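The structure appears below as structure tokens.
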Amino acid sequence: MRPRFLLFTVFAALIGTIGLAAPSQAGLRVGNTELPRMLGDIVIPPEWAGIWTYLDSTYECTGALLSVDSGLDTLCTGTVISFDSGPFAVVCTGSSTATTVDQICTFTGPILTCTVNFTIEMHGTRTADSYVITNTVTTDYSGIAPECAFLLDTCRRTVTRGTRTAGEPVAYCSTPVDPTTWGRVKSRYR
């Protein structure tokens, strides 16, 4: 099980299609994809620690169901998840507490000779051992190059429902992890 930090399920549809900056260390899983390091550091609060089952349902904003994914997610109190924005300028506003999250992030960056603009809106609540988080991701492309006309604007909404099935696993969470890049790990075994 790899942590996929519950609050960032929004990137599921995005990551595979545009190939953003690669993760700087193994970790975050969103749907079937690794989450790149795109935002500031996140520290997992104790209220979210434990083993969770989750169900992601991703829709077009028009309502058509695109995919469903489920699995397990283990979160450890105090784990710091760091992000590198790569080629994107990220601006986030909002707030979060032990029971709610409301955040809007916008970021802009180059795709080919075009510019892509993302808006991510996240609203969620956690009550005891369950949570519901809704993420809406909109993308629009601009640029004068002919290939920019072929990049279609999108809007996707992911609703994630989770249930905590066990508390924080002490043995798993107390094992320190040496932060490193995937390239450094590979070079050690060559």
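Given the structure is predicted, the values throughout are model-derived calculations rather than measurements. Heads up: numbering here begins at 1 and tracks the sequence.
Of all heavy-atom pairs between C148 and S142, the closest is SG-O, 3.9 Å. The two residues A128 and R164 have their closest heavy-atom pair at O-NH2, 3.1 Å.
The closest side-chain heavy-atom distance from W48 to R126 is below 4.5 Å. Considering only heavy atoms from C-beta on, T74 comes within 4.5 Å of P169 through its side chain. In this structure, the side chains of Y54 and D69 come closer than 4.5 Å at one or more pairs of heavy atoms. With contacts defined as side-chain heavy-atom distances shorter than 4.5 Å, the pair D153/Y141 qualifies. With contacts defined as side-chain heavy-atom distances shorter than 4.5 Å, the pair F107/N117 does not qualify. A heavy-atom distance below 4.5 Å is not found between the side chains of C155 and E60.
Using modelled atom types, one finds no donor on one side chain facing an acceptor on the other under 3.5 Å when comparing T158 with N135. If you check the side chains of E168 and T77, you find a donor sitting under 3.5 Å from an acceptor.
Here D140 contributes atom CG and L151 contributes atom CG; the two are 11.0 Å apart, rounded to the nearest 0.5 Å.
No more than 12 heavy atoms of other residues, nucleotides or ligands shown are found within 6.0 angstrom of CD1 on I144.
W52 pairs in a side-chain contact (heavy atoms from CB on, under 4.5 Å) with only one of the listed residues (L75, T163, T165), which is L75.
Relative to the ring axis of Y59, R157 places its NZ or CZ within 45° and under 6.0 Å from the centre.
Under the 4.5 Å side-chain heavy-atom criterion for Ile, Leu, Val, Met, Phe, Trp and Tyr, V116 and L112 are members of the same hydrophobic cluster.
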